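Have a look at the structure below, then the notes.
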Amino acid sequence: MSSEIEQPLAGGVNQVIQHENGRRAPHIARRTNPWPTTAAEAEAVQEQLRPLMDLTDPGPLTVDFIAGLDVGYAPDSDEVTGAVVVLDNTLRIVDQATSRQKAKFPYIPGLFAFRELPPLLTALDRLTITPDLLICDGYGLAHPRRFGLACHLGVLTGLPTIGVAKTAFVGTHADPAPTRGSWTPITLDHDTVGRALRTRDHVKPVYVSQGHRISLDNACAHVLRTTPAYRLPEPIRLADRLSRTNPPA
DNA sequence: GCGACAG
DNA sequence: ATCTTGTCGC
């Protein structure tokens, strides 16, 4: 009995939807068609996929497995290393995977996903456990075309996703109060697209935005819940560390 | 028009 | 992102 439904998507992707049953799931998402080459092609893909993102689903309040994702860059080559670390409720590592490969797109602000998605999707495919929630290093809704990395990854995997960035990118926001848990809205064209969220007292805030299938409130709750010690949520911090290693391709 | 711009 | 030492502050 298959729990997967393959569904063609515009923009060079076939989506494999995961259903409720079964945690073990190779091929969370798979790319089939050519990857965009030009900025214009990439922007067109974002426009095509954006209607598929779900921002109304409040998402899970509690999860069994939460994954952090990040990409590291080699100093002297055009290779990128995607890393995924899966944590349980107690923030213990229960699974992790990497993928090192040649970069398939240059770094262009606003088109970040086309550089980082390939190694991240491959790494996700190598997991033994299917996470219930993904925390990405970068933006989601807070994006010039409202479709940052977290949204893109959410649509491709069907999983709830959150974007957590370390610096401001779009929109305006006030500085949140200095205590952990304080936040201010990030506004873009009269819309709230995310929050500047203080995860530690007197430490620079992080920038949280919805990716897919989760509310902004719940996204921030998960970020705070998984940030017991450092500025960044543990899943991302550990994925960042893993992405700096130099694993086999 | 020019610069800035998630990582 | 990455190249890089020490140093100021809680």
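Lettering of chains follows the sequences in order, A, B, ..., and the numbering in each one begins at 1. All figures in this text were calculated on a predicted structure; none of them were measured in a lab. Below, all heavy atoms of this structure are taken into account, side chains as well, without hydrogens, waters or symmetry copies.
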### Query
Do the two ring centres, one from A/Phe114 and one from A/His152, sit under 6.0 Å apart?
yes
Between [N] atom [atom2] and [X] atom [atom1], what is the distance in whole Å?
X	N	atom1	atom2	answer
A/Arg180	C/dC10	CZ	C1'	17 Å
A/Arg200	C/dC10	CZ	C1'	9 Å
A/Arg198	C/dC10	CZ	P	15 Å

### Message
Applying a 4.0 Å non-hydrogen cut-off, can you work out what A/Arg244 is touching in the nucleic acid: base, sugar-phosphate, or nothing?
### Response
sugar-phosphate
### Query
Would you call A/Asp137 and A/Lys166 a salt bridge, taking side-chain N to carboxylate O under 4.0 Å as the test?
yes
### Cationic N near anionic O, under 4.0 Å, A/Asp175 to A/Arg198
yes
### Message
Counting only heavy atoms not in A/Arg145 (residues, nucleotides, ligands), do more than 12 fall under 6.0 Å from its CZ?
### Response
yes
Hey, are [Y] and [X] close enough side-chain-wise for a donor-acceptor pair under 3.5 Å?
X	Y	result
A/His222	A/Arg225	yes
A/Tyr73	A/Glu116	yes
A/Asp88	A/Thr90	yes

### Task
May I ask you to establish whether A/Arg115 and A/Phe105 are in a cation-pi arrangement, using a distance under 6.0 Å from NZ or CZ to the six-membered ring centre and at most 45° from the ring axis?
no
### Message
Can you give me the dot-bracket string for DNA chain C, 5' to 3', counting Watson-Crick and G-U wobble pairs with both distances under 3.5 Å, using [ ] for crossing pairs and | for partners on another strand?
### Response
..........
### Message
One character per nucleotide, please: for nucleotides 2-7 of chain B, 5' to 3', B when the base has a protein heavy atom closer than 4.0 Å, S when only the sugar-phosphate does, - otherwise.
### Response
---SBB
